[in-house]
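Reading through the structure tokens given below for one structure.
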Amino acid sequence: MHKSLSRKFDKQAGRYNKSRGNDKTFKYRAKIFGEAEGKVLEVGIGVGLNFPLYKNDIELTGVDFSPEMLKKAQEAAKDYPFETRLMREDVEALQFPENTFDTIVSSGTLCAYRDPLKVLNNFQKWCRPEGKILLLEHGISSNKPLAILQRAADPLAVKLIGCHANRDISGLVRESDLQLVKEERYLAGNVYLIWVKP
């Protein structure tokens, strides 16, 4: 467990909680996460911002390493009919049996891992062969001047909020064992919506 990283996200829990339902990524998350079905794993579940987008009959397992985020997610989960199990774990150290989940959801987490490729390859193992993996991530922009800024700001972003601003999310997915189904980019190509399958 990266304690210093966990503390950085603990400090942000209140801000995330205040943005529930009206944050700037809601409309993009709504485009993709409503497709989650069956047994769902959400990594980096945070305060549970995606709860309103899920169908009533899913079984949700949520993982996060921030106890403060999980407290707020636990509270929010009471308002939804689906079964929710929350785990305090570091996703990079997490282990599940192969073919456990029908859907895996990642929402803005690939920026924070030390080894994002390993995490994507774990998704491949944990997801059933006929399942789906739904990603909404932020990363390097397709706008060149903005990308230069992101690269320059990256060390500071990592130090302050524990997140890399300059990762090529599409490149990581292509390098992984996963199969790309569809990709959409928004906000100067800074926001990636990616549908993949094992």
Side-chain angles (χ1 to χ4, degrees), residues 1-10 12 16 25 28-29 32-33 35-36 38-50 54 58-67 69-70 73 85-140 150 154 157-158 161-185 190-198:
M1 184 86 58
H2 324 307
K3 286 209 174 73
S4 66
L5 195 53
S6 173
R7 279 197 294 272
K8 281 174 185 152
F9 283 92
D10 280 348
Q12 297 170 67
Y16 276 100
T25 64
Y28 304 119
R29 290 187 286 112
I32 188 167
F33 295 143
E35 294 181 26
K39 288 180 91 156
V40 178
L41 170 67
E42 184 176 349
V43 296
I45 196 165
V47 298
L49 292 182
N50 292 322
Y54 289 143
I58 65 158
E59 282 175 53
L60 179 64
T61 299
V63 180
D64 208 290
F65 60 12
S66 161
M69 294 269 196
L70 284 172
R85 177 173 74 118
L86 297 175
M87 301 163 61
R88 185 183 172 206
E89 289 285 351
D90 175 355
V91 173
E92 291 189 81
L94 198 58
Q95 293 188 330
F96 286 110
E98 286 188 19
N99 307 331
T100 300
F101 299 100
D102 300 298
T103 311
I104 297 178
V105 167
S106 169
S107 180
T109 69
L110 289 173
C111 61
Y113 303 131
R114 283 185 298 200
D115 189 349
L117 196 57
K118 179 187 166 198
V119 173
L120 287 170
N121 288 337
N122 278 337
F123 292 173
Q124 152 85 10
K125 289 182 205 145
W126 301 337
C127 191
R128 292 182 177 139
E130 66 288 355
K132 58 183 103 169
I133 295 150
L134 307 172
L135 311 172
L136 181 146
E137 302 291 342
H138 70 91
I140 197 78
Q150 286 176 297
D154 190 61
V158 173
I161 55 173
C163 138
H164 288 272
N166 66 350
R167 285 196 168 152
D168 174 7
I169 305 300
S170 304
L172 282 167
V173 169
R174 281 195 296 272
E175 211 184 318
S176 77
D177 299 334
L178 297 166
Q179 193 181 336
L180 180 66
V181 176
K182 184 168 73 156
E183 176 182 320
E184 296 177 7
R185 302 276 289 270
N190 178 43
V191 171
Y192 298 66
L193 267 63
I194 303 182
W195 290 256
V196 285
K197 59 186 186 182

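Computed from heavy atoms alone, side chains included, the values below leave out hydrogens, waters and symmetry copies. All values reported here derive from a predicted model rather than from experimental measurement.
Atom CG in Leu60 sits 10.0 Å away from atom CZ in Arg85 (nearest 0.5 Å). Rounded to the nearest 0.5 angstrom, Ser170 OG and Glu175 CD are separated by 12.0 Å. Between Gln124 atom CD and Asn99 atom CG the span is 9.5 Å, to the nearest 0.5 Å. Here the straight-line distance linking atom CD1 of Ile194 with atom CG of Leu134 works out to 11.0 Å at 0.5 Å rounding.
Contact annotation: the side chain of Phe123 approaches that of Ser106 to within less than 4.5 Å [non-hydrogen atoms, C-beta and beyond]. Within the 4.5 Å cutoff, no side-chain heavy atoms of Thr109 are placed close to those of Val119. Arg88 is listed as a side-chain neighbour of Pro67, based on a closest heavy-atom distance under 4.5 Å. In this structure, the side chains of Asp168 and Tyr192 come closer than 4.5 Å at one or more pairs of heavy atoms. At a threshold of 4.5 Å between non-hydrogen side-chain atoms, the residues Arg167 and Leu110 do not count as touching.
Between Ala36 and Ile58, the shortest heavy-atom contact is O-CG2, 3.9 Å. In terms of heavy-atom proximity, Leu86 sits nearest to Leu70 at CD1-O, 4.0 Å. Closest heavy-atom contact between Asp64 and Ile45: OD2-N, 3.3 Å. Annotation for Leu117 and Leu172: closest pair CD1-O, 3.5 Å, computed over non-hydrogen atoms. Of all non-hydrogen atoms in Val91 and Trp126, the two that sit nearest each other are O-CH2, 4.3 Å. Closest non-hydrogen pair, Gln179 versus Pro198, comes out as OE1-O, 4.0 Å.
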Using the side chain to side chain contact (heavy atoms under 4.5 Å, CB included) rule, take Leu94 and Met87 through it: C-alpha gap first, then chi angles, then the decisive distance, then the call.
CA-CA 10 Å; Leu94 198 58; Met87 301 163 61; 4.1 Å; yes
For the pair Thr100 and Thr61, evaluate side chain to side chain contact (heavy atoms under 4.5 Å, CB included) and give the outcome as yes or no after the intermediate values.
CA-CA 11 Å; Thr100 300; Thr61 299; over 6 Å; no
Side chain to side chain contact (heavy atoms under 4.5 Å, CB included) between Glu42 and Tyr54, worked out:
CA-CA 11 Å; Glu42 184 176 349; Tyr54 289 143; 2.7 Å; yes
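A side chain to side chain contact (heavy atoms under 4.5 Å, CB included) with Val40 holds for exactly one of Val105, Asn50, Ile104; it is Val105.
Within the structure, every pair that satisfies the salt bridge (Lys or Arg N to Asp or Glu O under 4.0 Å) test and touches residues 129-140, not counting sequence neighbours, is listed here: Glu37-Lys132.
Taking Leu193 as the reference, Tyr28, Lys31, Ile32, Leu136, Glu184, Tyr186, Val191, Trp195 meet the side chain to side chain contact (heavy atoms under 4.5 Å, CB included) condition, with sequence neighbours excluded.
Comment: Arg128 engages Asp102 in a salt bridge, judged by a side-chain N to carboxylate O separation of less than 4.0 angstrom.
A donor-acceptor contact shorter than 3.5 Å is absent between the side chain of Asp90 and the backbone of Phe65. Checking side-chain atoms of Glu92 against main-chain N and O of Asp115 turns up a donor-acceptor pair under 3.5 Å.
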